[in-house]
S.K.: 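There's a structure below that I have some questions on.
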Amino acid sequence: MNNNNQEEQNLSKANFVRNIIIDDVKNNKHNGKVVLRFPPEPNGYLHIGHAKSICLNFGLAKEFHGSCNLRFDDTNPTKEEEEYIESIKNDVQWLGFGLGEKIFYTSDYFEQLYSFALQLVKAGKAYVEDLTAEEIREYRGTLKEPGKESPYRNRSIEENIDLLEKMKNGDFEDGKHVLRAKIDMASPNINLRDPVLYRIQKAHHHRTGDRWSIYPMYDFAHGQSDSIEGITHSVCTLEFEDHRPLYDWFIEQLGIHHPQQIEFARLNLSYTVMSKRKLLQLVEEKYVEGWDDPRMPTISGLRRRGFTPASIKDFMERIGVAKADSSVDVALLEHCLREDLNKNAPRVMAVLRPLRVVITNYPENQVEELEAENNPEDETAGTRTMPFSKVIYIEQDDFMEDAPKKFFRLSQGREVRLKHAYYVTCNEVIKNENGDIIELQCSYDPATKGGWSDDGRKVKGTLHWVSEQHALKATVRLYDRLFTKANMNKGDFKEFINPDSVEVLENCLLEPSLSTAKAEINYQFLRQGYFCVDSKDSKEGALIFNRSVSLKDSWANQAKK
RNA sequence: UGGGGCGUCGACAAGCGGUAAGUCACAUGGUUUUGGUCCAUGUAUUCGAGGGUUCGAAUCCUUCCGCCCCAGCCA
């Protein structure tokens, strides 16, 4: 690879946010500085939609040698928890982004934010409201009709200062007053109709304790926090587009640094939901086993499922960044995982639904250690050995009576290859009294050791297998999409929950090398998919594997026809 | 129907006046000790619709249609 190619590799794909930054850097706009931020509220776990924002912001900061602050937007103590802060830090780092020298918190600016509020009051640009929440709503007007001004709008500055200080000192009960900006009750942009700046909330804050009885609203805190941190580009999602005039108003009234806000479309993924509210509902109503359930689109869920940081970053690179509402096909995410794992995951053999096979002409107590390659896509991966003996198991799906010609697997009288072992031919099918197939009697060809024949004989099928006396028992969880409908914009999303989103197979048999398998290391179970040890439930001697994603299966497609 | 956005292949998405990139999905062939991977090929005479400007328009103008967001003391 030459230098040019390498350069291109390090550059992310073009998108309009990146283009704006390129221009600004070129024009020396913020002295050429690029300071970004990722500002989650610690009120839930991060999901893959947040990962888009993380990759964008941290990625751009890295590319332009700038910085990206992780800032917790902790302005609502009633909804935020320490647990979420820890999980968020953890998720960002797992994705591969450093947290930097310090973590930022909006709550660190409470003092500063309060003096900004006081500044507005003193300038006659903000006032203390006596109206109730309901009255405020009525006064606000509607989308089509202008609002009307509050009777308390023109209090004296002195009275406003006095009242605000009393609010701050805890002299009033929750809801008694609120501080509002004095802008324009007739504005077509509802955000400008005297928005609330502070509310009284005598709640314990996870960081500031009981110091405050008033807390700033998001709209009053967010832009100013960006400003305080010297953020050059405030990248956020589309729904904040019409808040921008409000943020600009604050910045202008206060006379402080003006970050440039840029809005992009949030990520939607087919067959899942992506709002914290809905995800919380799935957790609380026990549709899943927690925020990190492997079926959840949370970062912790994807991680437990077996997704890698590289696959998620690759996905983000491929979907791009734009302003059109869109829903990305989950197949693309799966493709990214397969691509990563195809190159990197060691291959092993595991029989999920075992069918007993006796090799009638194989010596009774013989065991052979056969060599098997670990990864045909990676020469450096080396080889291992697998024990072979008289009784083995194959996949139930790999045998069929009266099989069609296109079925390249085992059937009466047909010969197949056991991967890395021998050619075997099925001679007899043993059934129980119900007619279920319980065992196959096969014969092997000793001349085909390793799975080769030099007589030019063609064998179409290759099966995976495990030796009975050496096999490890394990539980395998096959995950499928959580919902049966690709897009659930309308109606109740819970109607579309997939009742078969997980299938638990209890009696799977694995090759012995898997006894040392560890969580977050992916394996390809040959011919089936990529699997990893479950980080929570798997125990030594009681292994549990999760299917991260299946292999593509063109036979399944063909069989359906 | 107040304001703010958005409409390019089934799904994403480049393109920004010079004659429709790429990726996924799909289909067909080839290779293959994974019906995996890999390789090759195919897939929008057309850019929400109409009208206009221009030698030339997805790109400019205009009218219309459709979708999303906003009336929390949530973020």
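All chains are named by letter (A, B, ...) in the order of the sequence lines, taking the proteins before the strands, and each is independently numbered beginning at 1.
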S.K.: Check whether any side-chain nitrogen or oxygen of Arg338(A) sits under 4.0 Å from OP1 or OP2 of U37(B), and answer yes or no.
M.R.: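 No.
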S.K.: Considering Watson-Crick and G-U wobble pairs with both distances under 3.5 Å, what does U1(B) pair with?
M.R.: none
S.K.: Please check the phosphate of U37(B) (OP1 and OP2 only) for any side-chain N or O of Lys552(A) closer than 4.0 Å.
M.R.: yes
S.K.: May I ask you to decide if the ring planes of His222(A) and Tyr247(A) are parallel, tilted or perpendicular, using 30° and 60° as cut-offs?
M.R.: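 Rings of His222(A) and Tyr247(A): tilted, 30 to 60°.
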S.K.: Is the phosphate of G4(B), meaning OP1 or OP2, less than 4.0 Å from a side-chain N or O of Arg244(A)?
M.R.: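 False: Arg244(A) side-chain N/O out of range (4.0 Å or more) of G4(B) OP1/OP2.
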S.K.: Counting only side-chain N and O atoms of Arg266(A), is one of them less than 4.0 Å from OP1 or OP2 of C6(B)?
M.R.: no
S.K.: Have a look at G36(B) and give me syn or anti from its glycosidic angle (syn if within 90° of zero).
M.R.: anti
S.K.: Quick check for you: among U34(B), G35(B), C74(B), whose closest atom lies nearest to any side-chain atom of Trp555(A)?
M.R.: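 Selected nucleotide: G35(B).
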S.K.: On RNA chain B, nearest-nucleotide positions of Val321(A) versus Asp174(A): which is more 5'?
M.R.: Val321(A)
S.K.: Just checking His243(A): base, sugar-phosphate only, or nothing, at a heavy-atom cut-off of under 4.0 Å?
M.R.: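 Base, at least one base atom sits under 4.0 Å.
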S.K.: So, using ring-ring contact (aromatic ring centres under 6.0 Å, His included) as the criterion, who are the partners of Phe408(A) when residues are at least two apart?
M.R.: none
S.K.: What is the nucleic acid contact for Ile319(A), judged by heavy atoms within less than 4.0 Å: base, sugar-phosphate only, or nothing?
M.R.: sugar-phosphate
S.K.: Report yes or no: is the cationic atom of Arg71(A) (NZ for Lys, CZ for Arg) under 6.0 Å from the centre of the six-membered ring of Tyr105(A), at an angle within 45° of the ring normal?
M.R.: no
S.K.: Below 3.5 Å, does any donor atom in the side chain of Gln524(A) face an acceptor in the base of U34(B), or the other way round?
M.R.: yes
S.K.: Would you indicate what Lys419(A) reaches in the nucleic acid, counting non-hydrogen atoms under 4.0 angstrom: base, sugar-phosphate, or nothing?
M.R.: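 If one applies the 4.0 Å heavy-atom cut-off, Lys419(A) turns out to touch a base.
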S.K.: Below 6.0 angstrom between ring centroids: does that apply to His464(A) and Phe525(A)?
M.R.: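 No - the distance between ring centres of His464(A) and Phe525(A) does not fall below the 6.0 Å cut-off.
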S.K.: Whether Lys276(A) engages the ring of Tyr45(A) as a cation-pi pair (distance to the six-membered ring centre under 6.0 angstrom, angle to the ring normal within 45°) should be assessed.
M.R.: no
S.K.: Quick one: label Ser326(A) by what it contacts on the DNA or RNA (base, sugar-phosphate, nothing), any heavy atom closer than 4.0 Å.
M.R.: sugar-phosphate
S.K.: Which comes earlier along RNA chain B counting from the 5' end, the contact point of Asn342(A) or that of Pro40(A), where each point is its nearest nucleotide?
M.R.: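 Whichever sits nearer the 5' end wins; that is Asn342(A).
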S.K.: Please state whether the base of G22(B) and the side chain of Arg318(A) form at least one donor-acceptor pair under 3.5 Å?
M.R.: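 It does not, because no donor-acceptor pair links the side chain of Arg318(A) to the base of G22(B) below 3.5 Å.
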S.K.: Is there a Watson-Crick or G-U wobble partner for U54(B) with both distances under 3.5 Å, and which nucleotide is it?
M.R.: none
S.K.: Regarding G36(B), can its base be found pairing with the side chain of Glu377(A) as donor and acceptor, where the two atoms are less than 3.5 Å apart?
M.R.: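 Looking at the base of G36(B), it does pair with a donor or acceptor on the side chain of Glu377(A) (distance under 3.5 Å).
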S.K.: Hey, does Phe407(A) reach any base, or is it just sugar-phosphate, or nothing, if we go heavy atoms under 4.0 Å?
M.R.: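 Here Phe407(A) touches the bases of the nucleic acid.
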S.K.: Let's see if you can work this out: which of U1(B), C70(B), C12(B) has an atom nearest to the side-chain heavy atoms of Ile190(A)?
M.R.: C70(B)
S.K.: Does NZ or CZ of Lys166(A) fall inside the cone over Phe172(A)'s six-membered ring, less than 6.0 Å from its centre and within 45° of the axis?
M.R.: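 Cation-pi check for Lys166(A) and Phe172(A): fails.
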S.K.: To the nearest Å, how far apart are Lys323(A) NZ and C12(B) C1'?
M.R.: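 In whole Å, C12(B) C1' lies 18 Å from Lys323(A) NZ.
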S.K.: Just the rounded figure in Å: distance from P of A71(B) to CG of Asp184(A).
M.R.: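 Distance check: Asp184(A) CG to A71(B) P gives 18 Å.
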S.K.: Looking across every strand, which nucleic acid part, if any, lies under 4.0 Å from Arg193(A) by heavy atom: base, sugar-phosphate, or nothing?
M.R.: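 The residue Arg193(A) makes no contact with any strand.
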S.K.: Which class fits the ring pair Phe250(A) and Phe220(A): parallel under 30°, tilted 30 to 60°, perpendicular over 60°?
M.R.: perpendicular
S.K.: Taking 4.0 Å as the cut-off, does a side-chain nitrogen or oxygen of His335(A) come that near to OP1 or OP2 on C24(B)?
M.R.: yes
S.K.: Identify which nucleotide among G35(B), A25(B), C74(B) has an atom closest to any side-chain atom of Ala331(A), counting heavy atoms from C-beta outward.
M.R.: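 Output: A25(B).
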S.K.: With sugar-phosphate meaning primed atoms plus P, OP1 and OP2, does Ser327(A) contact a base, only sugar-phosphate, or nothing at under 4.0 Å between heavy atoms?
M.R.: sugar-phosphate
S.K.: Can you check whether any acceptor in the base of G3(B) is under 3.5 Å from a donor in the side chain of Asp242(A), or vice versa?
M.R.: yes
S.K.: Pairing check on G72(B): which nucleotide meets the Watson-Crick or G-U wobble criteria with it, both distances under 3.5 Å?
M.R.: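 When the pairing criteria are applied, nothing turns out to pair with G72(B), so the answer is none.
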S.K.: Under 4.0 Å: is that the gap between some side-chain N or O of Thr75(A) and OP1 or OP2 of C74(B)?
M.R.: no
S.K.: Under 4.0 Å, heavy atoms only, any strand: does His420(A) hit a base, just the sugar-phosphate, or nothing?
M.R.: base
S.K.: Side-chain N or O of Ser187(A) less than 4.0 angstrom from OP1 or OP2 on G3(B)?
M.R.: no
S.K.: Respond yes when some side-chain nitrogen or oxygen of Arg140(A) is under 4.0 Å from OP1 or OP2 of G72(B), and no when none is.
M.R.: yes
S.K.: Which is true for Leu333(A) with a 4.0 Å heavy-atom rule: it touches a base, it touches only sugar-phosphate, or it touches nothing?
M.R.: nothing
